[in-house]
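Report on the following structure.
Quick note on labels: first sequence line is chain A, next is B, and so on, each numbered from 1. Keep in mind the model is a prediction, meaning the values are calculated, not measured.
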Amino acid sequence: MRKTKFKAIVIGVSLGGAKALQMILSALPEKFPVPIIIVQHISPHSDNYFVIHLNGLCKIKVKEAQEKEKAEAGTVYISPPNYHLLIEEDGTFSLSIEGRVNYSRPSVDVLFESAAYAYGTGLIGIILTGANNDGSKGLKKIQEEGGLSIVQDPKTAEAESMPKAAIAATETDYIVPLEKISELMIELCK
Amino acid sequence: MNKPDKENINIEIKLLLEAVFLKYGYDFRNYSQAHVKRRIMHRLSVSGCENITQMIHEVLYDQSFFNKLLLDLSINVTEMFRDPSFYQALRQKVIPNLKTYPFIKIWHAGCSTGEEAYSLAIILKEEGLYDKVQIYATDFNQLVLKKAKEGIYPINLIKEYTYNYQKSGGLNSFADYYNAKYDSVIIDTELKKNIVFADHNLVLDGVFGEMNLIICRNVLIYFNRELQDRVIKLFSDSLVHGGFLCLGSKENLRFSKYSNNFLDVEKNEKIYKKVAFVNESKSV
Ligand SMILES: C[S@@+](CC[C@H](N)C(=O)[O-])C[C@H]1O[C@@H](n2cnc3c(N)ncnc32)[C@H](O)[C@@H]1O
């Protein structure tokens, strides 16, 4: 296994995301050693019910990412609906209402690309279930900048096209079933 | 030659922004870096340029190249009645206060192609206030200001705008406010009557008169903290005591050194009120 210490994890998820995120995040310890930043495709009109629900369910703190807030270890940040989420090289969040990318706002590619610049070799990118191909370009970018890539085994995904597209676009480091992802995250960030 | 590394790319971006500033006076040096980098890399990939340094040359010698870059960097995406709950709060919490004034001045900063300004005009009309307001809608991009003045929008967006309008507490039929023609709609000229669209750059230009209400949504998200502070001070200085400031749903005054100049009116909708006595010593 590689020697670099990881500094952050980014996750992209779409259709089927509620279940997948619940399973992964509820298995993480309260003091997870790096920030976890998530883009989930949701309706532009949705409220933050899901974030509150997840926070109640998990040991680790879950909140909506706020602009200019600094991403801290032991916290899960979820993109607000109808905004793209970017991470700056100083580790703070930026938002944008730039048009949809891959028919999506927030878009996984937008977050992943900025995170790849911000964290370089210290980044882990994870693509989960989804019915489109958002995130595959971003995951490739993460790889180009020296980061590590993980994709949910499409056989275990509610919708397989997003993980399949990510696998096709990258030389994926780990392809793992949904129920093994949290374990791997804990192991890699030890 | 080696593949440009992150450090070199960041240096080249700085030089490009410097060139844009020196040549054209637009100052993007304090915009969100991640955003600027994303947009510049996008322009690089479609431009045929080899690298950012070559883009600097293009920017300096080809104004049309600069114009494209300006559009890339300024993000003119907008809609009518975006965030309907904001407009509802505006009706309930701000309009009743504005009604107490004989004449009302409103500054709509970063108005882009005008959709928000016309949304506001509709509300003011329905609340019986439109005839005593003057709206100054400003942006630093001439191209979008021209579109704003025309008030012509694609018809395929109307369904969503109608939905937003209804959710925002609209009192009439949304169709009353535009005329459809082929695949476009044109905003009712009555709504344009009291709106002046004008060029104003929030980074460089100064105070804009004594306003009762300032609306500036989804512009500050593109600025770094320093620049946000400059603009918030500008807004504070441009408001009458007790005047209102409305920001985008995901923007707030929390980190600003001028936050003490304002009180929350409606926290969730980012509506603030300038306090009666601003402690000037704090405003450096
Ligand atoms: C994303 S749009 C927001 C439009 C609208 N307020 C909304 O929320 O839907 C941002 C606008 O701010 C304008 N803008 C960016 N920097 C500016 C500056 N320094 N001065 C004035 N306008 C600026 C852009 O041209 C663009 O039209």
Honestly, the part of A:H84 sitting under 4.5 Å from a heavy atom of chain B is neither
Turns out that what part of B:Y31 lies under 4.5 Å from chain A's heavy atoms comes down to neither
Honestly, the part of B:S85 sitting under 4.5 Å from a heavy atom of chain A is neither
Here the gap from A:Q66 atom CD to B:F255 atom CZ, rounded to the nearest 0.5 Å, amounts to 7.0 Å
The interface call for B:N164 against chain A, heavy-atom contacts under 4.5 Å, is side chain
In this structure, NZ of A:K68 is separated from CG of B:N224 (nearest 0.5 Å) by 6.5 Å
Practice prompt. Look at atom NZ of A:K141 and say whether more than 12 heavy atoms of other residues, nucleotides or ligands are closer to it than 6.0 Å.
Written response: yes
Would A:E98 and B:H42 satisfy side chain to side chain contact (heavy atoms under 4.5 Å, CB included), going step by step from the backbone distance to the final call?
-> CA-CA 13 Å; A:E98 186 185 326; B:H42 163 75; over 6 Å; no
Under 4.5 Å to a heavy atom of chain B? For A:S94 that would be side chain
Salt bridge (Lys or Arg N to Asp or Glu O under 4.0 Å) pairs touching residues 49-65 of chain A, sequence neighbours excluded, are A:K63-A:E69, A:E64-B:K250
Contact list (residues 32-39 of chain B to chain A, heavy-atom gap under 4.5 Å, by number) returns B:S32, B:Q33, B:A34, B:H35, B:K37, B:R38, B:R39
Bottom line for A:E113: the part with an atom under 4.5 Å from chain B's heavy atoms is side chain
- Item | Test item: A:Y83 and B:N218 side chains (from C-beta on) under 4.5 Å apart, heavy atoms | yes
Assert top hit (heavy-atom pairs under 4.5 Å, partner chain B, pool A:T92, A:I97, A:L95) equals A:I97
Under 4.5 Å to a heavy atom of chain A? For B:I221 that would be both
Turns out that what part of A:N82 lies under 4.5 Å from chain B's heavy atoms comes down to both
Turns out that what part of A:L86 lies under 4.5 Å from chain B's heavy atoms comes down to side chain
When the 4.5 angstrom heavy-atom criterion is applied to A:R105 and chain B, the contacting part is side chain
Exercise. Just by distance, with hydrogens left out, do A:E89 and B:N10 show a side-chain donor and acceptor under 3.5 Å apart?
Worked result: yes
